[in-house]
There are 2 protein chains.
Amino acid sequence: MTATTQPLAAAHGVGRALRPTGKVLPEHARAHNRSLVLAHLFHIGPASRADIARSTGLTRVTVSGMVAALIAEGLVEELGVRVEGKVGKPATLVGMRTEAFQIVAVDLTDDTHLLGAVLTLVGAVVVRRSVALEGRTGQPAADLLESLCQELLAAATRPVIGVGIASPGVIDLDGRVVQAPNRGWYDLPLAANLTESLGVPVHVANDANTRALGEFTYGSAAGSGCMVLTIGEGVGAGIVVDGALVLGRHHAAGEIGHVTVVDGDVRDEPPLDCACGRTGCLETVLSVPALRRRTAGLTPEESDAALASVGRLLGIALAPVVSALDLAEVLLSGPPELLDGPLRESALATVRARTMPVIGHGLALRMGSLDEDGALAGAAVLVLSGQLGVS
Amino acid sequence: MTATTQPLAAAHGVGRALRPTGKVLPEHARAHNRSLVLAHLFHIGPASRADIARSTGLTRVTVSGMVAALIAEGLVEELGVRVEGKVGKPATLVGMRTEAFQIVAVDLTDDTHLLGAVLTLVGAVVVRRSVALEGRTGQPAADLLESLCQELLAAATRPVIGVGIASPGVIDLDGRVVQAPNRGWYDLPLAANLTESLGVPVHVANDANTRALGEFTYGSAAGSGCMVLTIGEGVGAGIVVDGALVLGRHHAAGEIGHVTVVDGDVRDEPPLDCACGRTGCLETVLSVPALRRRTAGLTPEESDAALASVGRLLGIALAPVVSALDLAEVLLSGPPELLDGPLRESALATVRARTMPVIGHGLALRMGSLDEDGALAGAAVLVLSGQLGVS
DNA sequence: TTTGTAAGGAAGGTCTACTAACAAACGTGA
DNA sequence: TCACGTTTGTTAGTAGACCTTCCTTACAAA
């Protein structure tokens, strides 16, 4: 059986590049390796130059040069000689000066308050400030945000390397808020505006994505394939696949709150109206207000059953996602008294029942390890990642 | 409101790097830029060195050096002077020698036959060979595959730059078949074995992923966020997100065929037994045999209704995935007479009805633009990508 | 005291891409 | 017709980044 057919496409002009990346210069390699050294010091802690060389694959010479540059920048310091007595010349430890700089982070998740903080590089909250929105939206809300940032910058006790902001809504890679209906922001270049007015690098990202970043860097999220489901006023998600946040076509990835999970086919479960104008969205059963309404005035047993039934609906929605992406973990972020019980257990059991064993059985579905500061921590990671290449 | 709290994590040992990449050397930058030049010539077609410089951002000098190296390798050739008369010195076009080399590709999707071909670099089939499996599995099946590859290598009329293989099952990045039950392969280093025995670079990947690559490079798949659903004996999918194939925790991403879509809650739809040992999997209604069984002996109207009901089930399973990833496109690959009609329309309508307007309305759900050779073309892309960095 | 091991640094070499400058080839307009 | 501007592609020199090799320093174990 032999045949000669036409080309699948014209001889040229075939498709487009899978990964349309730009040119790479030697200096980019330098920046990458710099991040490699910094990341090692950040994640593993103080180490000798030789240690860093071994774990990064660079030579001791290169690492020495890099460390010297980082010391000159003030980001790294020598910490003296390692005490452990082994053969050979003792190592001089170097470490990242995680206390010498600070990060300003603001969480805009809440509809009523702007939640801000000054954090150290390892995510410890040093100063906390919050301010009431009092119904402000649009430019007044942006102005309030700016003044909060000013206040936090003034409150910082160390040089601030940048400002990170976790905002609801659709936000592109440049920190432009494409749309954030609850804040009345549409096509607002928030990061650029604030960078200009504050005089400090500002990074803005979606709050669910930010929370996922926080769980990832400071928490316990798995490396390969993880979804962080943020359950509050609404329901959102940040997804990390193959080591990178998923952005999506419209930078709207993770908007799983408005997937229909209740329709006429589901018995004993009437579809509820949703703020988005449709009915039966996941948010109508899984948001914190919805859960409180559903369990209000019930006995503990009834309440558990009600939460389990919501967990089942969540599991039905998660199963295709978990299967398609072969996720390792799903983390829930929200009030533990509502989520970390029958709801979580029922959701996990449902996902397992509805997916292939190889996928479902390896899956973990548990509470995130960060509390309500998760979005703040994630906003700090935005800055770490953007300014130092560490994440 | 001011407070000082504990660090979210110990001062060090916080989490792990988001993207654990290795060191980058200048030579890697060189390789990257080389791919950039080759990709431009491959996708856009012949161009002058100055053209390439403009579109890649590299200087003319750098591009000249790169092109000289590629000409020395035989991958690129000068094509003479551009005829269009404009001011300035006329450009000498250079082009990729897409006819000077060939690729051997094998598609193992079918349970009864190994489907092989020799292709040009632009995906045109030059020679076709197929061989019956006759029940072989395990090592005999691998031996048969090797002999088919030998035969195709001998049949090639130009130097072969590599062999690409599309296999069902779970396959890791090194071309090791973790498991492929239908072929009786478990933990088989297929790519390494064949590379050794054939003396040519061999790349192996999952058949659904491969088909997605084919649609992407030779077909019409969208850049940002695309899922190619392969519907044959089983149901699988390859997903491209943010310009990269999704692999997943166990390299099992896209295994959406065994998500439960039919259970007691769905009216008028009895769950069917699935080969995986569970019931109501997507595969039990959407695989080609299932579709043929379901429509056998029905009037056209009844058949359309039956296909539409399957489309609805597919849409219910797709909606959470489309929302979570903010996909731009879902492509169907399989028999058009079954898929490209009520089934597809019903699936699209269902997804739109069950997702946010911003996500669902922009979504395209259509047939893939490649035929049954899609997996072969994708296998060729494996080689292009692996050997030349072009994709 | 000797020997072996390890850390850190200095010198020199290679690779990469950039800038600057130039020759060749061609339209254009005086 | 001929000077002039434009575009192409090449040559020469520069800067950056990493490597290999060799050396000194410092310590433990025999």
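Order of the sequence lines fixes the chain letters, A, B, ..., with proteins taken first and strands second; residue numbering starts at 1 for each chain.
In this structure, A/Thr62 contributes its side chain and A/Leu58 its backbone to no donor-acceptor pair below 3.5 Å. Although no hydrogens or angles enter the test, the distance criterion places a donor-acceptor pair under 3.5 Å between the side chain of A/Thr217 and the main chain of A/Leu213. Counting only distance, with no hydrogens or angles, the side chain of A/Asn33 and the backbone of A/Leu36 share no donor-acceptor pair below 3.5 Å. No donor-acceptor pair closer than 3.5 Å links the side chain of A/Asp187 to the backbone N or O of A/Val178. Side-chain atoms of B/Asp242 come within 3.5 Å of backbone atoms of A/Leu247 as a donor-acceptor pair (strictly under, hydrogens ignored).
Contacts with DNA chain D (heavy atom under 4.0 Å) in residues 50-72 of chain B: B/Ala50, B/Arg54, B/Arg60, B/Val61, B/Ser64, listed by number.
Between the P atom of D/dC18 and the CD atom of B/Glu27 lies a distance of 12 Å, rounded to the nearest Å. Separating the CG atom of B/Leu79 from the P atom of D/dG9 is a distance of 12 Å, rounded to the nearest angstrom. Between the NE2 atom of A/His32 and the C1' atom of D/dC18 there is a distance of 14 Å, rounded to whole Å. If you take CZ of A/Arg30 and C1' of C/dC15, they are 16 Å apart, rounded to a whole angstrom. Atom C1' of nucleotide C/dG9 and atom CD of A/Glu78 are separated by 13 Å, given to the nearest angstrom. Atom C1' of nucleotide D/dG9 and atom CZ of B/Arg49 are separated by 7 Å, given to the nearest angstrom. Between A/Asn33 atom CG and D/dC19 atom C1' the separation is 13 Å, expressed in whole Å.
Screening residues 52-64 of chain A for salt bridge (Lys or Arg N to Asp or Glu O under 4.0 Å), with sequence neighbours left out, gives A/Asp51-A/Arg54.
Across every non-hydrogen atom of B/Leu382 and B/Ile165, the tightest pair is CD1-O, 3.8 Å.
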With the criterion being N/O to N/O and under 3.5 Å, what pairs connect the protein with nucleotides 24-26 of chain D, and how long is each?
from, atom 1, to, atom 2, distance (Å)
D/dA26, N3, A/Lys89, N, 3.3

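More than 12 heavy atoms of other shown residues, nucleotides or ligands fall within 6.0 angstrom of atom CD in B/Glu73.
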